[in-house]
Asker: 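Structure below; questions to follow.
Chain letters run A, B, ... following the sequence lines, proteins first and then strands; every chain starts at 1.
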Amino acid sequence: MLQLSYINQHPEEVIKGLERKLVPNAAEIVNSIIEVDAKRRATQTQLDETLAESNSISKQIGMLMKQGKKEEAEAAKQATGNLKDKSQELKEELRLAEEKAKELLVQLPNIPSEKVPDGKTPEDNAIVFSTENNITLPEGSLPHWELIKKYDIIDFDLGSKITGAGFPVYKGKGARLQRALINFFLDQAIEAGYGEIQPPIMINEDSAFATGQLPDKEGQMYHDPNENLYLIPTAEVPLTNIYRNEMVDANKLPIKITGYTPCFRREAGSWGAHVRGLNRLHQFDKVELVQIVKPENSYDILEEMTAHVEGLLKKLELPYRKLNLCGGDLGFTAAMTYDLETYSAAQDRWLEVSSVSNFETYQANRLKLRYKDGKQKGLCHTLNGSALALPRILATILENNQTEDGINIPKVLQSYCGFDKIS
RNA sequence: GGAGAGGUGGCAGAGUGGUAAUGCAGCAGCCUGCUAAGCUGUGCACGGGUAACCGUGUCCUGGGUUCGAAUCCCAGUCUCUCCGCCA
């Protein structure tokens, strides 16, 4: 959530930023927020004055009663009658103004960093880096949705039987490769100084709001109305919410945590022609990195985290490229995002396998996550990144490493898998 | 699922309708020379003010009663204990 004080002080910057993020009526919304907030402050001043008067009379009544001056006390009681009515009205006005301001504020996304390129669609994303793609596939090479059948390692039909479309069953070497990737990613994160966490995979409404999934992604999460809990769409939510309502000592920063979880997404309305196989799922596995940092470091940390993810892709020997997302393609809560995409030779497509984002104070403001540095206090910056999401990594490994007599397992994974080839 | 107990500042812990005691810790200032002690001030949010400072709210949350609620009433929530069920 954007900070009210910032909106009040820099309305033009905010409007410009929101327009870069393609928010319609940005100026209109910002101006009404400023207006409602001014109204809120004026009302509070009035209310405070009314309550102060009422409190002071009440104290006098208390003293008079002690001294046994009953008639004077009764007279003073009369005086508080209309003060109470007035304060009730003002309280209601204040509540309405606060509600209105929050309602407007909550629908505004984060504004992009200066480093974010202008643009409206994914075509406008800046390609920051790309590896050479010198993959030559054998004759008759197959996309992963054929390979998994050929080697019987992932079964979509079985998943449909048990649950439904988009819930695959991993079998045999498929299951083992999956587990190998999870362990490899976690070990690499731990080596890079992240503390491992196993969080709950259901979250309450407060958590979903604090990291920005609510109200923005309301319809995209699986929801249990009995308990009002949501299945996590990403470990970002439980990991970041560990620090909700916390005041962190500045010398404890940066906080670096990692966690493996399954992730659940309804993906309502987003199924299309090129989302076959592992490209889009309702349930998938991911290892997530989260950092909570001092504001002045956050962009250096963004580079550091992205470099970590690039390191994983290099170790897996996968061709990849790095994109700096343009304003129009940025997520709701992000100030800046690097997307990492691997190249799938068999599909001749780039597949997004990681998003590393700096949220600046947007999440911290909702989380009420602050740091204390001596006397200085302020909102932390939060960052997170996938390191990595498994299905598309699995897809590119299967497709790019296929040979006539089987699929070669990348060297770094062989000890984790206990085999070097799927055949 | 049933029954009971409880939720007060960073921590401990009093407080049954009239200014949230007290202790410990941390921080700041003052004072003092002997391995440290003493004194004073220090929660958070919002509002007003250049500032010093002032006001309002805040005793799990939300309502209610009252001139006035940590305290009384209602609802919710969380924690603990016992019983039941159970991987």
Asker: Strictly below 4.0 Å, N to O, side chains only: are Lys252(A) and Glu246(A) in salt-bridge contact?
Answerer: no
Asker: Whole angstroms only, please: what is the CD-P distance between Glu98(A) and U56(B)?
Answerer: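 Value for this atom pair: 17 Å.
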Asker: Using the C1' atom in both, what is the distance from C30(B) to G63(B), to the nearest Å?
Answerer: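 It comes out at 48 Å once rounded to the nearest Å.
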Asker: Take the protein atom NZ of Lys102(A) and the nucleotide atom P of C46(B), then report the distance between them rounded to whole Å.
Answerer: 14 Å
Asker: Scan every strand shown for a Watson-Crick or G-U wobble partner of A12(B), both distances under 3.5 Å, and answer none if you come up empty.
Answerer: U22(B)
Asker: Of all heavy-atom pairs between Phe359(A) and Asn110(A), which one has the smallest distance, and what is that distance?
Answerer: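 Looking at all heavy atoms of both residues, the shortest contact is O-ND2, 3.2 Å.
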Asker: Using a cut-off of less than 4.0 Å, is there contact between a side-chain N or O of Lys377(A) and OP1 or OP2 of C44(B)?
Answerer: yes
Asker: For nucleotides G13(B) and G33(B), find the distance between their C1' atoms and express it as a whole number of Å.
Answerer: 37 Å
Asker: Tell me the interatomic distance from Leu47(A), atom CG, to C54(B), atom P, rounded to whole angstroms.
Answerer: 20 Å
Asker: Could you state the CG-C1' distance from Asn251(A) to G26(B), rounded to the nearest angstrom?
Answerer: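 Checked: the CG to C1' distance equals 13 Å.
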Asker: Between Glu92(A) and Arg95(A) (salt bridge meaning N to carboxylate O under 4.0 Å), is one present in this structure?
Answerer: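 Salt bridge: yes.
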Asker: On a whole-Å scale, what distance lies between the C1' atoms belonging to C44(B) and G9(B)?
Answerer: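 Taking atom C1' in both C44(B) and G9(B), they lie 9 Å apart.
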Asker: Taking Asp37(A) first and then Arg41(A), would you say they form a salt bridge - that is, a charged N and a carboxylate O separated by under 4.0 Å?
Answerer: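 So Asp37(A) pairs with Arg41(A) through a salt bridge.
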Asker: Distance check, P atoms only: U77(B) and C27(B), in whole angstrom units.
Answerer: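 Their P atoms lie roughly 41 Å apart.
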Asker: Counting only Watson-Crick or G-U wobble pairs whose two distances fall under 3.5 Å, which nucleotide matches C53(B)?
Answerer: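 The base-pairing partner of C53(B), which may sit in any strand shown, is G48(B).
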Asker: Does U32(B) have a Watson-Crick or wobble mate here (both distances under 3.5 Å), and if so which one?
Answerer: none
Asker: What interatomic distance, in whole Å, is found between C1' of A3(B) and the corresponding atom of G18(B)?
Answerer: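 It comes out at 38 Å once rounded to the nearest Å.
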Asker: Nearest nucleotide by nearest heavy atom, which residue falls closer to the 5' end of RNA chain B, Gln60(A) or Gln88(A)?
Answerer: Gln60(A)
Asker: Give a yes/no on whether any side-chain N or O of Asn55(A) is located under 4.0 angstrom from OP1 or OP2 of G18(B).
Answerer: no
Asker: Please give the distance between the C1' atoms of U79(B) and C72(B) as a whole number of Å.
Answerer: 24 Å
Asker: Counting heavy atoms from C-beta on, name the nucleotide in A45(B), G55(B), G68(B) closest to the side chain of Asp48(A).
Answerer: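 From the listed options, G55(B) comes nearest.
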Asker: What is the distance, to the nearest angstrom, from the NZ atom on Lys86(A) to the P atom on U56(B)?
Answerer: 15 Å
Asker: Would you kindly give the CD1-to-P distance between Ile61(A) and U66(B), to the nearest whole Å?
Answerer: 14 Å
Asker: Rounding to a whole Å, what distance do you find between Leu51(A):CG and C54(B):C1'?
Answerer: 15 Å
Asker: Go through U56(B), C46(B), C67(B) for me and flag the one nearest to the Ala52(A) side chain.
Answerer: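 Side chain of Ala52(A) sits closest to U56(B).
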Asker: If you pin Ala42(A) and Gly62(A) to their nearest nucleotides in RNA chain B, which one's is more 5'?
Answerer: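 First, find each residue's nearest nucleotide; the 5'-ward one identifies Gly62(A).
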Asker: Looking only at the side chain of Ser58(A) (C-beta and beyond, no hydrogens), which of the listed nucleotides G55(B), A45(B), G18(B) gets closest?
Answerer: G18(B)
Asker: Rounded to whole angstroms, how far apart are CE on Met247(A) and P on G26(B)?
Answerer: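 The distance from CE of Met247(A) to P of G26(B) comes to 19 Å, rounded to the nearest Å.
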Asker: Please report the distance separating the C1' of A14(B) from the corresponding atom of U22(B), rounded so that it comes out in whole Å.
Answerer: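 After rounding to an integer number of Å, I get 7 Å for this pair.
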Asker: Taking only side-chain nitrogens and oxygens of Arg41(A), does any of them come within less than 4.0 Å of OP1 or OP2 of U56(B)?
Answerer: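 Answer is no, no contact under 4.0 Å.
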Asker: Roughly how many Å apart are C46(B) and A5(B), using the P atom of each and rounding to a whole number?
Answerer: 39 Å
Asker: Can you tell me which residue among Leu142(A), Ile393(A), Ile148(A) is in a side-chain contact (heavy atoms from CB on, under 4.5 Å) with Leu398(A)?
Answerer: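 When side-chain contact (heavy atoms from CB on, under 4.5 Å) is applied between Leu398(A) and each of Leu142(A), Ile393(A), Ile148(A), only Ile148(A) qualifies.
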Asker: Would you mind pulling out the nucleotide paired to A5(B), Watson-Crick or G-U wobble, both distances under 3.5 Å?
Answerer: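 Across any shown strand, A5(B) pairs with U79(B).
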Asker: Nearest heavy-atom pair of Arg392(A) and Leu278(A): which atoms, and what distance?
Answerer: CG-O, 4.1 Å
Asker: Once you apply the 3.5 Å cut-off to both distances, tell me the Watson-Crick or G-U wobble partner of G62(B), or none.
Answerer: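 G62(B) is paired with C74(B).
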Asker: Once you measure the plane-to-plane angle for Phe167(A) and Tyr222(A), does it fall in the parallel (<30°), tilted (30-60°) or perpendicular (>60°) bin?
Answerer: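 It falls in the tilted class, 30° to 60°.
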